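Notes for the one structure printed next.
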Amino acid sequence: MPRESIDSRIARIRKGAVSLETEAELAARLREGRPLRVKLGADPSAPDLHLGHTVVLSKLRAFQDMGHEVVFIIGDFTARIGDPSGRSKTRPQLSRDEVERNAETYTAQVFRILDPGRTRVVSNSAWLDPLRFEDLIRLASTVTVAQMLQRDDYASRYAAGVPISLHEFLYPLAQAYDSIRIEADVEIGGTDQTFNLLLARELQRAFGQRPQVIMTMPLLVGLDGVEKMSKSLGNHVGITEPAFEIFGKLMSISDDLMPRYVELLTDLDFDDLRSRLGHPMEIKMALAGEIVRRFHGDEAARSARENFTIAYSRKGIPDDGDWVREIALPPGSHWLPQVMKDCGLAASTSEARRLMRQGAVRIDDVKVTDEQAVLEIGEGDRDRKILRVGRKKIARIGARPTA
RNA sequence: GGGCAGGUACCCAAGCGGCCAAAGGGGGCAGACUGUAAAUCUGCUGGCUUUGCCUUCGAAGGUUCGAAUCCUUCCCUGCCCA
């Protein structure tokens with residue numbers, strides 16, 4: 001790597017970050033000229049990564065590209081505690097089996113962004129399992145209850161009379177202890193991690209270590225434009241989702257959200273896009289295309305855009321298999337609501353009936369509102385029907401070949 | 001340990017013997033509008049081939065022709081006091 005000034009490297013590192021504590025400490029460590037140990041802790045309670053996670057991961061990748069090492073800590077132990085960060089409710093505690101399974105898919109997904117060659121993967125149960133009660137007391141004695149209650153999610157829950165379990169106080173301690181064990185140089189997290197990150201600094205000091213440099217990244221707002229992106233709120237875009245799904249979801253964000261998404265999720269420049277493309281829809285398509293490209297490649301990005309236009313702008317039927325689910329039924333008559341339920345186009349026959357009543361259901365582009373409607377499936381492959389529920393769900397129904 | 005207040009559908013929250021599948025709001029879904037959207041307006045929002053039936057109001061029992069509503073026990077939560 002060509003020599004780059006410390007200042008310039010710091011500028012690259014802190015791009016997009018909300019805070020960096022402290023820049024002087026970071027400069028000092030960079031000056032040492034060794035690969036820094038950058039900590040990433042992951043709580044494998046929700047194994048699927050979404051775009052929100054990629055904000056921090058991309059930053060870690062940037063560190064790797066500068067020659068630093070990422071220590072990826074699987075919080076297999078802490079997952080069993082349940083992190084309360086940024087939540088008004090306690091996270092469910094997971095069983096060992098669940099955690100193990102989750103950790104596996106999680107790791108696989110993380111390497112879509114991180115460089116495996118510069119990543120060390122460890123599990124924090126390695127040191128937290130054998131910890132003795134005595135050790136725990138020593139850890140706990142370094143923090144006061146008042147300090148704990150500074151943290152917003154504890155404070156607001158406490159004020160609102162929402163229960164806080166004692167074990168939740170142990171979570172930040174465990175996370176901080178991880179930093180001590182791996183002697184982290186740097187830790188990065190979302191702004192919701194600020195408290196935990198700061199606490200790790202204090203504990204490191206108490207244990208005679210140099211406190212880690214910490215950097216926080218903005219939380220990505222979810223598709224609803226209000227809450228932070230999270231799987232449990234259903235406002236997320238998973239990085240393993242099919243291309244058309246990612247594209248479609250991104251197209252559904254409000255215009256106001258676009259600049260932030262462009263900034264946090266791509267290397268594109270929003271102002272540049274705006275001056276080149278003009279129309280908000282074009283900009284959004286560029287954003288959606290870029291993100292699809294990142295996880296599925298150029299071809300998928302092009303196809304997603306094309307099919308999206310066909311399906312929604314022109315209300316046609318896209319060619320791509322992903323966009324249209326293929327359904328095979330035995331020849332004969334089928335009660336439509338039952339078909340919709342069986343094919344996942346409606347959650348129940350009751351819902352299917354409702355959708356029909358509301359004019360959301362079309363067969364071959366003809367609206368069907370009669371709840372008693374019957375779908376006739378003829379023999380052979382000729383007679384295929386297009387069933388459309390709302391605008392997003394499209395299925396092509398044909399006869400199941402008789403075996 | 002004592003006192004008090006609570007636990008209602010995805011979330012918040014009304015209901016306090018029948019008119020309750022349960023008000024209202026949020027969220028979600030659909031339709032209209034549009035530039036994909038957002039905003040706005042309208043409708044829907046437990047299940048079941050549905051003028052009816054079945055399951056639901058922390059759990060289990062009980063009273064009653066009839067219970068989310070009354071009684072008993074239990075479980076859970078918050079507040080105050082110790």
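Each chain gets a letter, A, B and so on, in the order the sequences are listed, and its residues count up from 1. Quick caveat, the model's predicted, so the values are computed rather than measured.
If you take CG of A/D370 and P of B/U50, they are 14 Å apart, rounded to a whole angstrom. If you take NE2 of A/H279 and C1' of B/U36, they are 9 Å apart, rounded to a whole angstrom. In this structure, CG of A/L287 is placed 16 Å from C1' of B/G35, rounded to the nearest angstrom. For A/K392 and B/U36, the NZ to C1' distance is 10 Å, given to the nearest whole Å. As rounded to whole Å, 14 Å separates atom C1' of B/G52 from atom CD of A/Q372. Here the P atom of nucleotide B/A30 and the CD atom of A/E371 are 18 Å apart, to the nearest Å. Atom NZ in A/K393 sits about 11 Å away from atom P in B/G31, given to the nearest Å. Atom CG in A/L166 sits roughly 13 Å away from atom P in B/U77 (whole-Å rounding).
Between B/U55 and B/A60, the distance separating the two P atoms is 14 Å to the nearest Å. Using atom P as the reference point in both B/U42 and B/U50, the two lie 32 Å apart (nearest Å). Between the P atoms of B/U73 and B/A9, the separation comes to 25 Å (whole Å). Between the P atoms of B/U36 and B/A68, the separation comes to 48 Å (whole Å). On the P atoms, B/G46 is 16 Å away from B/C29, given to the nearest whole Å. On the P atoms, B/U8 is 13 Å away from B/U69, given to the nearest whole Å. Using atom P as the reference point in both B/C53 and B/A22, the two lie 14 Å apart (nearest Å). B/C16 and B/A5 have their C1' atoms separated by 16 Å, with the value rounded to a whole Å.
In the interface, the side chain of A/D224 is not paired with the base of B/G27 through any donor and acceptor atom under 3.5 Å apart. Between the side chain of A/Q358 and the base of B/G31, no donor-acceptor pair under 3.5 Å is found.
Side-chain proximity of A/R354 to B/G46, B/C79, B/G35: nearest is B/G46. The listed nucleotides are B/G31, B/C48, B/U50; the one nearest the side chain of A/R353 is B/U50.
Under the Watson-Crick or G-U wobble criterion, with both distances below 3.5 Å, B/G24 is paired with B/C12. Nucleotide B/U55 forms a pair with no other nucleotide shown, judged by Watson-Crick or G-U wobble geometry with both contacts under 3.5 Å. If you check B/A5 for Watson-Crick or wobble pairing at under 3.5 angstrom, you find it paired to B/U77. In this entry B/G43 has B/C29 as its Watson-Crick or G-U wobble partner, both defining distances falling under 3.5 Å.
In A/E104, the CD atom is not crowded: 12 or fewer heavy atoms of neighbouring residues, nucleotides or ligands sit closer than 6.0 Å. By the 6.0 Å contact criterion, CG on A/D267 is open, its count of non-hydrogen atoms from other residues, nucleotides or ligands being 12 or less.
Judged by centroid separation below 5.5 Å and plane tilt below 30°, A/F308 does not stack onto the base of B/U36.
The side chain of A/R357 places no N or O atom within less than 4.0 Å of a non-bridging phosphate oxygen (OP1 or OP2) of B/U50. In terms of phosphate contacts, A/S252 brings no side-chain nitrogen or oxygen within less than 4.0 Å of OP1 or OP2 of B/U36. A sub-4.0 Å separation between OP1 or OP2 of B/G46 and a side-chain N or O of A/S350 is absent. Listed pair A/T349 / B/U49 meets the phosphate criterion, a side-chain N or O lying under 4.0 Å from OP1 or OP2.
Note that A/R151 lies in the cation-pi zone of A/Y154, set by a 6.0 Å cut-off to the ring centre and a 45° limit from the axis. A cation-pi arrangement is found for A/R138 relative to A/F207, the charged atom lying closer than 6.0 Å to the ring centre and inside a 45° cone about the ring normal.
With RNA chain B read from its 5' end, the first of the two nearest nucleotides for A/G359 and A/I253 is the one closest to A/G359. When each of A/L355 and A/S348 is assigned the nucleotide of RNA chain B bearing its nearest heavy atom, the one mapping closer to the 5' terminus is A/L355.
Under the 4.0 Å criterion applied to side-chain N and carboxylate O atoms, A/R357 and A/E351 are not assigned as salt-bridge partners. Look at A/K249 and A/E241 and you find a salt bridge, because one of the NZ, NE, NH1 or NH2 atoms lies within 4.0 Å of a carboxylate O, short of that distance. A salt bridge is defined here as a Lys NZ or Arg NE, NH1 or NH2 lying under 4.0 Å from an Asp or Glu carboxylate O, and A/R293 with A/E299 fails to meet this definition.
Under the salt bridge (charged side-chain N to carboxylate O under 4.0 Å, His left out) test applied with A/E23, the options A/R14, A/R29, A/R9 reduce to a single match, A/R14.
Within residues 240-249 of chain A, no residue has a heavy atom under 4.0 Å from RNA chain B.
Looking at A/Q193 and A/N196, their side chains do bring a donor and an acceptor atom within 3.5 Å of each other.
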Handout entry: A/K39 vs A/E69, salt bridge (charged side-chain N to carboxylate O under 4.0 Å, His left out): CA-CA, chis, key distance, verdict
Key = CA-CA 9 Å; A/K39 178 187 171 198; A/E69 181 198 26; over 6 Å; no
